[in-house]
Every structure is written in structure tokens, then in C-alpha cells.
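Working notes for the structure below.
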Amino acid sequence: MKYSIKFKIWLEKEKDVVMGLGRDRLLREIDRLGSISKAAKEVGMSYKKAWSFIKTMEKRLGVKLIETKRGGKGGGGAYLTEDAKKLLEEFEHITKKFENLRKKLSKDE
């Protein structure tokens with residue numbers, strides 16, 4: 001019999017979601033674009049929702065994930081902290097492990 005195994009991964013702290021695929025993508029786009037508003041637009045969410053995700057993650061994890069620089073002549077920007085980069089690395093590592101297991105167990109490949 002053939003079938004496919006699918007999965008979704010998210011990380012929780014005390015039963016509250018702190019990281020998932022959407023948050024992962026948002027942080028990666030902030031890192032790539034250097035802007036929360038551009039990253040939010042890229043992932044299809046409002047700036048307000050993006051900030052809400054970031055602030056909620058920071059509160060639940062107890063660490064700062066984004067550093068911002070106010071606009072002006074040179075423009076503003078947003079940058080990932082080392083804690084955010086570490087979180088992304090850990091989430092990617094976990095996701096790859098699950099993907100490898102999925103491939104190993106799937107009967108349709």
C-alpha cells in the first residue's frame with residue numbers, strides 16, 4: 001500500500017507557540033530584507049501582525065529577537081539578534097531531522 005506522510009512542526013514553551021513555519025519565514029525575510037515591513041509584505045501579512053508575532057515570540061522566549069534602527073537620512077532597518085539566528089538554526093535542524101524521518105518512513109518514494 002502506498003501513502004504519504006505529512007507533518008507540521010512548531011515549538012512551544014509552556015504550551016504557547018514560540019516558533020513555526022510562518023514565524024520562521026518571517027524572521028528569515030527580515031534577515032534577508034533588513035525590514036519588518038518588507039518582510040511582512042513578502043510573507044503576506046500586515047506590518048502590525050508581523051510585529052505582534054515578533055513581540056509575542058520575544059515575550060514567550062524571554063529574549064530579544066529583532067534589533068531595529070529608526071529611519072532618517074540613511075533609512076531605518078531591522079536586524080536579527082544572535083538569539084534569533086540561533087533559534088532559526090535550531091528550528092531548521094529539527095525540521096531537517098523530521099523530513100529525513102518522513103522520507104525514511106514514506107511508502108510512496
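If you're wondering where the values come from, they're calculated on a predicted model, not measured in any experiment. For reference, positions follow the sequence shown, starting with 1. Worth knowing before you read on, the calculation uses all heavy atoms, side chains too, and leaves out hydrogens, waters and symmetry mates.
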Quick one: are [X] and [Y] in side-chain contact, heavy atoms under 4.5 Å?
{"X": "Leu61", "Y": "Leu87", "answer": "yes"}
{"X": "Lys97", "Y": "His93", "answer": "yes"}
{"X": "Lys8", "Y": "Trp10", "answer": "yes"}
{"X": "Thr68", "Y": "Trp51", "answer": "yes"}

Please report the interatomic distance NZ(Lys59) to NZ(Lys13), rounded to the nearest 0.5 Å. 12.0 Å
Enter the distance from Met57:CE to Asp16:CG here, rounded to the nearest 0.5 Å. 13.0 Å
Salt bridge present between [X] and [Y] (N-O < 4.0 angstrom):
{"X": "Glu92", "Y": "Lys96", "result": "yes"}
{"X": "Glu90", "Y": "Lys85", "result": "no"}
{"X": "Glu12", "Y": "Lys15", "result": "no"}

If I compare all heavy atoms of [X] with all of [Y], which pair ends up nearest, and what's the gap?
{"X": "Arg28", "Y": "Leu88", "value": "NH2-O, 3.2 Å"}
{"X": "Ala84", "Y": "Leu65", "value": "CB-O, 3.2 Å"}
{"X": "Arg23", "Y": "Val18", "value": "CD-O, 3.7 Å"}
{"X": "Phe91", "Y": "Asp24", "value": "CD2-OD1, 3.5 Å"}
{"X": "Thr95", "Y": "Phe7", "value": "O-CZ, 4.2 Å"}
{"X": "Ala40", "Y": "Ala50", "value": "CB-CB, 3.8 Å"}

Can you name the residues that form a side-chain hydrogen bond (donor to acceptor under 3.5 Å, both in side chains) with Ser52, not counting sequence neighbours? none
According to side-chain hydrogen bond (donor to acceptor under 3.5 Å, both in side chains), who are the partners of Glu29, at least two apart in sequence or on a separate chain? Arg32
Could you check whether atom OH of Tyr79 has more than 12 heavy atoms from other residues, nucleotides or ligands sitting under 6.0 Å from it? yes
Lys86 atom NZ: more than 12 heavy-atom contacts under 6.0 Å: no
Mind checking whether [X] and [Y] sit in one hydrophobic cluster, side chains of I, L, V, M, F, W, Y counted as touching below 4.5 Å?
{"X": "Ile30", "Y": "Tyr47", "result": "yes"}
{"X": "Met45", "Y": "Leu33", "result": "no"}
{"X": "Leu21", "Y": "Ile54", "result": "yes"}
{"X": "Ile94", "Y": "Leu101", "result": "no"}

Any donor-acceptor pair under 3.5 Å from Glu58 side chain to Ile66 backbone: yes
Val17 backbone acceptor or donor facing Arg60 side chain under 3.5 Å: yes
side-chain contact (heavy atoms from CB on, under 4.5 Å) between Ile9 and Met19: does it pass, once the steps are laid out? CA-CA 9 Å; Ile9 295 176; Met19 185 64 153; over 6 Å; no
